[in-house]
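All remarks here apply to the structure that follows.
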Amino acid sequence: MIDKRDSEGSRPSPTPLSDLPAGARATLSGDRLEATDRELLRAMGVGSDAPVRVCRQGEPCIVEVRSTRVGLSRAIAALLDTVPAEPIQRPARLTQLPPG
Amino acid sequence: MSKSVGAPPGPIALIGNPNTGKTSLFNRLCGLRAHVANHPGITADARVGSSRMGGRERSYIDLPGLYSLELDLPESRLGRKVLEPPVDPSSPESLPRPSAVVVVVDASNLARNLTLAAETIERGLPLVVVLSMGDVAERRGVQVDADALAEHLGVPVVPANPRRGEGVEAIVSALDHATLGRAPESGESREEWATRTATAVTRREREEEDHGTDRLDRILTHPIGGVVVFLAVMAGLFSTIFWLAGYPMTWIEEVFALLGGGVTDLLPEGVLRDLLVDGVVGGIAGTVVFLPQICLLFFLLTLIEDTGYLARASFVANRLLRPFGLPGTAFVPLLSSHACAIPGIICTRLIPDRRDRLATILVAPFVSCSARIPVYTLLIGVLFAGRPAWQGGLAFAGCYLLGGVAALLTALLFRRTLLRGRSRPMLLELPPYRRPSLRNAALTAWDRGRTFLVKAGTVILLISIVLWWMSTYPGTPTSPEVLELRTRAEAAADATAAEQLAAQADRLEGRESLAGSYSGRIGRTVEPILSPIGADWQLSIAVLSSFAAREVFVSALTVTLGAGDDIDDSGRVREIVASARRDDGSPLLDPAAAASLLVFFVLAMQCLPTLAVTSREAGGWRWAALQFGYMSVVAWFLAWLTHGIVGGGA
C-alpha cells in the first residue's frame, strides 16, 4: 500500500487527479493548466477547493463536483492536483530482486 | 439595496448554465412562435420568440447555455453582446437591450450556477431567478430554500420544472416584479459569494452517491463497450433516418410532380411555363425533398442529447477522431453531414475550439450526403450493370468509406499545416440520464427544418433559376432534322408511330437547344479540363450543372441526352445513359469514365448552398474558396488516377 504524505507525514500531499482510483474523494488544490482551460474549468465549478469524487478513472476521467458530473480527458486530469480525503490505497507491486 | 423596477414590455433574456432546463422553459413559453437569430460575427445563435402568457405579449431571447459571461467562447461573447449596453447604439449590429433577465439555476449545483447569476446581476438588469432541477436535487438529498435564496439575492425566486411545464406561469407573473439583484460586496469574489449564498440556503439531508450513473458511465465510455454502443446507436440513427424519411420524401416528390403537371396544363407553352416548371417548381422540390431527413436528424439527435448520452458519446468519438486532429465533439457535425452538409456545418457551433471547428467545417462536405445518392445510384448502376447486386452494394459502401477516409486524412493535413496548434483537451459536463422530451425534440426539428428551408431554399431556388436560364438561352433555331421528324410525325397514319416521332423530335430539339445554350458552350469550353477524367462535352455540361447541387447531375445528363419525360423513371434513365454515345460513336460512360466520375462525385465540392454556409460559419468567403479549391483538386486528381487505372486495366 502506498500512502502519499508530505514530509511531516501529517496530511496527504497533492496527488494528480489522474492518479486517484475510482470512488476516491478529494479536494482540488491547484493545477498546471493553460489559462483558458483553467478559466473554463473554474466556471464549470471545477476550481480550487472544489470537492470531487472520482466516478471513473482513465480516458475520460469522470468526476462528480457538487452533484454535477464532468468528463475530463486524461491529459487534463493529470494536470489537476488534489488532496485526497483519505490515503490512497493501491495494491503493493512485487519488487524484482536483483540477480544473485 | 435592490430597487424594484418591474419589467417594462420588451425582450426578456433567458440565461443559464447548460442542462438547466432553460431551453425547455423557452419552448414552454414560445412554442412554435420562435426562430433562430444569428448575430453577425458570433458563431453561437440565440432563439427569439414571443408569448402571450399571463395576458401580456412578451418577446424572449433564449441565449445558448453558458458557464460564464467572462470566457472567450462564442456563447459567452453572445451573452455579453445581449446583456451589455452596445458600444455604438447607432450600429446596425447593436441589439436592443433586454428589459429583464431570467436566470435559470440548477438546484443540485447551486454554487456554480449562482456565479453566473452574480455576473448577470453585475450587468445591472432587473432579473428573476428560476430554481430548476429540484427533482434531481431532491434525489440527491439536497433541499434549497427558495424564499431564503430570494432574500439573499433580493430578486424573485421561482421554483419550477420547465420540462414538465410546472411553474411557468409563476415565472411570467414574477417578471412583473423583476428587480435589480444584490451583487457581491467588494472584496469578495463571485465564487466566494456564490458558495456562501448556496451554503446558507441549501440543506443537505444525506450524501448520496449515484452508483447507477457510475455503472452506466463506465459502460458507455468503455474503450470497447463504449465504441460498440456508439456504433449501434449511430447505425440505428441513420437506418431510422433513411428508412423513415423515405416515405415523406416520396410524397413530396409526388406533390411537386403534380404541381409541375398542373402548371404545365394551365399555362401555354413558352418561357414563363418553362421558368415556373423547370426553374421554380423544380428548384423548390429539389430543396424541400431533403426536409424530412433534416427534421428527423435533429429530432433524433435532440432525443439522444436529452437522454444524456450525447456527451458520453463525444468522449468515445474523441478516441476515434483525435488521431486525425478532430475533437470528439466533431462527430455530431460529421454525422449530420451524411444527411446534408448544411446542417452538419451549422452543428459545428458545438465545437468550442476555433481550429477544431474550422477543420470540421472544411472536411464535412467530404462525407457522403444524401444528395449524392442519386448520382451514386446512376453511376454504380451503369458500372455494375449485369453483375451480382452485392458488387454494386459494395461499391456504394466504398463511396461512403472513401468520403470518410478523405475527410479524416484532410483534417489531419489541415491540423498539421494551416490549422496547426495545440488541440484543446476534451472537457464536458455530463448531464444526468433522463427520459427525453418529445416536445423539445419536435420543436427543435421544426426550428432547424424551417431554418434550412429559408437559408438553403432561397439559395437553391436562385441557383435553379440561373441554371434554367443558362440551359435555355440564347436559344437555337430548330434544325432541319427536327423539322423533318415533325413533318413525318404529322404525316404518319399510325397514332403510336406519330407520337414516337414527335417525342423523338422533342428529345432532339432539347439536346440541340442545350448544346447551343450558355451551359452547352461552357461545357464545350471546359471539356479539355474534364476529358482526362473521362468526360466529353455532354458529361461536362452535367458535371458543371452539378456544381450548383450534386443531384442536378442526373437531371442535367438526362436533359443533355434527350431523355425527355423518362427523367422520372430511374431504370429508363440508366438505360439511356448506358446506351448513350459520344460524338465519335464510342460509349458515353465506359467503365473507366463511370468509375472516375464516381470518385469525382464522392470527393468534389459541388454544392453552392454549402459553400455559402461555410462562408458564414467559418467567417469569410476565403474559407469557402479554399474548401472548393482543395476538394476540386483532390477529386480531379483521384478521378484521373481512377480513369487511368480502370482504363488501363480494361
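In what follows, chains are A, B, ... by sequence order, proteins preceding strands, each numbered from 1.
Neither the backbone nor the side chain of B:Glu70 has a heavy atom closer than 4.5 Å to any heavy atom of chain A. Contact of B:Arg322 with chain A is not made at all, since no heavy-atom distance falls under 4.5 Å. Neither the backbone nor the side chain of B:Ser314 comes within contact range of chain A, judged by heavy atoms closer than 4.5 Å. Heavy-atom distances place the side chain of B:Leu73, and not its backbone, under 4.5 Å from chain A. Neither the backbone nor the side chain of B:Ala198 comes within less than 4.5 Å of any heavy atom in chain A. Contact of A:Arg74 with chain B is not made at all, since no heavy-atom distance falls under 4.5 Å. The contact between B:Arg319 and chain A is made entirely by side chain atoms (from C-beta outward), counting heavy-atom distances below 4.5 Å. Only the side chain of A:Ile62 comes within contact range of chain B, with at least one heavy atom under 4.5 Å from a heavy atom of that chain.
In this structure, the side chains of B:Arg112 and A:Arg66 stay at 4.5 Å or more apart for every pair of heavy atoms.
Of the inter-residue distances, the one linking A:Cys55 atom SG with B:Arg215 atom CZ reads 12.5 Å to the nearest 0.5 angstrom. Here the CG-CD distance, from B:Asn318 to A:Glu59, works out to 6.5 Å after rounding to the nearest 0.5 Å. To the nearest 0.5 Å, atoms CG (B:Asp72) and CD (A:Glu39) are separated by 8.5 Å. The distance from atom CG of B:Leu427 to atom CD1 of A:Ile76, rounded to the nearest 0.5 Å, is 4.5 Å.
The candidate with the highest count of non-hydrogen atom pairs below 4.5 Å against chain A, out of B:Ser108, B:Pro18, B:Pro431, B:Ser68, is B:Ser108.
Residue A:Ser73 comes nearest to B:Phe315 through the heavy atom pair N-CE2, 4.3 Å, listed as atom of the first residue, atom of the second, then distance. Scanning all heavy atoms of the two residues, the minimum distance from B:Asn109 to A:Thr68 falls at ND2-OG1, 2.6 Å. Between B:Tyr67 and A:Leu40, the shortest heavy-atom contact is CD1-CD1, 4.2 Å. Across all their heavy atoms, A:Gly71 and B:Leu430 have their closest contact at N-CG, 3.8 Å.
Scanning residues 216-223 of chain B against chain A with a 4.5 Å heavy-atom cutoff picks out B:Asp217, B:Arg218, B:Thr221, B:His222, B:Pro223, ordered by number. Within residues 44-52 of chain A, the residues having any heavy atom closer than 4.5 Å to a heavy atom of chain B are A:Met44, A:Gly45, listed by residue number.
Residue-environment remark: CZ (A:Arg32) exceeds the threshold of 12 foreign heavy atoms within 6.0 Å. No more than 12 heavy atoms of other residues, nucleotides or ligands lie within 6.0 Å of CZ in A:Arg42, so this atom counts as exposed by the packing criterion. Counting heavy-atom neighbours within 6.0 Å of B:Glu122 CD, excluding the residue itself, gives a total above 12.
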